[in-house]
Amino acid sequence: METIVVVGGGAGGLELVTSLSHKLGRKKKAKIILVDKNRTHIWKPLLHEVATGALDTSTDEVIYRAHASRHHYDFKLGAMTSMNNEEKYITLAPLVDENKKQIVGERKLHFDKLVLAVGSVSNDFGTPGVSDHCFFLDSQSQAEKFHKALLNQFLRMDQSPDDSLLHLAIVGGGATGVELAAEMYHVADLLKIYGLPAMTKQRLKLTLIEAGPRILPALPERIAASAKQELVKLGVNVRENTKVTSATELGFAANEDEHINADMMVWAAGVKAPEFITKMGLFETNRMGQILVKPTLQSTISDDVFVIGDCCGCQQADGQWVPPRAQSAHQMATQVLKNLIAQQQNKPLKDYVYKDHGSLVNLSRYSTVGSLMGNLSKGTMFVEGRLARIVYVSLYRMHQFAVHGWLRASAIMLAQKIGRTVKPKMKLH
């Protein structure tokens, strides 16, 4: 019985390992193993809500060990550090506790088929000071770290004797930066309910910084213009054509000699594959550090190694790279599932073809804008308001159904709805 190891339990990796366990694991046709450096999974597009406290992860996060037990696969906690392609094993780094005391030593994990789904991290492009002074939203732990710091700033502002402002600067006008900016005004408006009446959204001074000519550069211009209009209405200072050159504890230096003051700074500009991929020196990679793949999503160095999600460098027929989006990871997971089964049955593998179903940007409770494409509409359709919000939420529901199944996902959705009636509207700890 062959062993299939999936490294990375993000949107694509978790959906793939769930499907593999149902198709092959339960039938004893393969041993399925998931490897992740975290104990829990949260859908990455929701991390900005975790950061602001708009989302309590207690009902949304997936505990890998519990999920593995329910779906009949094995889970290994650890971070992949290297791979031996000839002997077919990966190496996992030692596990240590909060005091740097070793719990488990370095381990080797053998595979017959390997799927790399390790996602992406923020790209600071080597900008001085960014790694020391900015918050990132690449993981649940980073989002929770920002949330705790934000609560402290809210408390400080509420106790401040004057009418000073809380200055927050976000670098990156992509979906994460735009959605985080809108969510900040939402939670600031809730604080008066929970005993912080002096910290209102009027005391929030938020600057959204984009180096390019407009925010949401990957989306149609109409969507970007609509989103910018909503942000400006909220009070966001949208700075386009503004290149950050360095960061200090007082804020950002931009363009030639401009200073942007900030009490808190978030870096959400650009993504790249995790650095350990290029450090291994095994794979062909592109400028984002993504692993180059064949049309079948097999790596160029081995037909037994597949790659999906943000770390996958897949070039389309028109020369464009498949964008690092949740819908890409979902589609890739579906195709790799089919190709792994085809390999077992000695059938030809099929090429992956990216289908763009459109993009949506959720501006908290204020608005949702986007476009629907392909099978979701005839051509391209601009949507906003309630319809766009329904479609946006449905994307997450589809992920829940893929991971939990219809019955359990429906129960989780019901629990979330009940929870919203008894829990605070934002996480306060």
Side-chain angles (χ1 to χ4, degrees), residues 10 37-63 98 119 121-122 124 130-160 165-172 174-201 203-209 231 234-236 247 249 251 262-269 361-366 396 416 419-420 422-429:
K37 61 183 179 181
N38 301 301
R39 288 181 167 86
T40 60
H41 159 85
I42 193 77
W43 200 47
K44 195 170 184 179
L46 295 178
L47 285 178
H48 71 282
E49 295 187 28
V50 177
T52 59
L55 177 71
D56 188 344
T57 59
S58 58
T59 55
D60 285 84
E61 67 182 0
V62 178
I63 303 171
E98 296 82 359
V121 296
S122 295
D124 64 9
V130 169
S131 60
D132 296 323
H133 302 291
C134 294
F135 290 94
F136 299 88
L137 300 182
D138 296 324
S139 65
Q140 183 177 337
S141 61
Q142 289 180 339
E144 289 173 345
K145 180 181 179 181
F146 174 84
H147 175 63
K148 290 178 182 177
L150 182 64
L151 289 179
N152 290 337
Q153 289 286 355
F154 284 156
L155 179 60
R156 179 182 67 84
M157 294 298 296
D158 184 73
Q159 300 299 314
S160 177
L165 300 175
L166 173 60
H167 293 268
L168 182 115
I170 302 171
V171 177
T176 299
V178 168
E179 292 181 335
L180 176 63
E183 202 65 60
M184 283 295 304
Y185 281 89
H186 177 213
V187 296
D189 203 32
L190 291 173
L191 292 172
K192 58 181 177 290
I193 304 174
Y194 301 113
L196 297 177
M199 179 59 230
T200 64
K201 64 180 181 180
R203 296 184 69 184
L204 178 63
K205 178 69 173 178
L206 197 150
T207 303
L208 180 63
I209 305 167
L231 291 176
L234 288 175
V236 178
E249 60 182 7
D263 300 302
M264 298 183 70
M265 297 171 283
V266 179
W267 189 272
V361 178
N362 181 40
L363 304 177
S364 189
R365 65 182 177 87
Y366 304 106
Y396 178 47
Q416 290 171 336
R420 282 195 293 268
V422 297
K423 290 182 178 181
K425 295 182 182 297
M426 65 175 291
K427 189 177 180 183
L428 299 167
H429 63 283

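Numbering of residues begins at 1 and proceeds along the displayed sequence.
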- So salt bridge (Lys or Arg N to Asp or Glu O under 4.0 Å) across residues 179-195, not counting sequence neighbours, yields Asp189-Lys192, Asp189-Arg365
[atom1] of [X] to [atom2] of [Y]: how many Å apart, nearest 0.5 Å?
X      : Y      : atom1 : atom2 : value
Leu206 : Ile170 : CG    : CD1   : 4.5 Å
Met199 : Leu190 : CE    : CG    : 11.5 Å
Trp43  : His41  : CH2   : NE2   : 9.0 Å
Glu61  : Thr40  : CD    : OG1   : 4.5 Å
Leu150 : Lys427 : CG    : NZ    : 13.0 Å
Lys205 : Leu168 : NZ    : CG    : 12.0 Å

List the atom of [X], the atom of [Y], and the distance in Å for their closest heavy-atom pair.
X      : Y      : result
Ala143 : Leu47  : CB-O, 3.6 Å
Phe136 : Gln142 : O-CB, 3.1 Å
Ala247 : Cys134 : CB-SG, 4.3 Å
Pro197 : Asp158 : N-OD1, 3.3 Å
Leu208 : Gly172 : CD1-O, 3.5 Å
Ile209 : Ala169 : CD1-CB, 4.4 Å

- Any residue meeting side chain to side chain donor-acceptor pair (under 3.5 Å) with Asp138, in chain and number order, not counting sequence neighbours: Ser122
- With Thr176 via side chain to side chain donor-acceptor pair (under 3.5 Å) - residues at least two apart: none
Could you pull out all residues at least two apart from [X] that satisfy side-chain contact (heavy atoms from CB on, under 4.5 Å)?
X      : value
Ala182 : Leu231, Leu234, Leu363, Ser364
Arg156 : Gln153, Leu166, Asp263
Thr200 : Gln202, Arg203

- Give a yes or no on whether the backbone of Gly251 and the side-chain of His167 come within a donor-acceptor separation of less than 3.5 Å. no
- Task: Output, in order, the C-alpha distance, side-chain angles, deciding distance and verdict of side chain to side chain contact (heavy atoms under 4.5 Å, CB included) for Asn38 and Gln140.
- Result: CA-CA 9 Å; Asn38 301 301; Gln140 183 177 337; over 6 Å; no
- Query: Does CD1 in Ile193 sit with more than 12 non-hydrogen atoms of other residues, nucleotides or ligands closer than 6.0 Å?
  - Reply: yes
- Less than 4.5 Å apart, any side-chain heavy atom of Glu144 and any of Val50? yes
- Item | 4.5 Å side-chain heavy-atom contact, His186 and Thr52 | no
- Task: Give the C-alpha distance, both sets of side-chain angles, the deciding distance and a yes or no for side chain to side chain contact (heavy atoms under 4.5 Å, CB included) between Leu191 and Met157.
- Result: CA-CA 11 Å; Leu191 292 172; Met157 294 298 296; over 6 Å; no
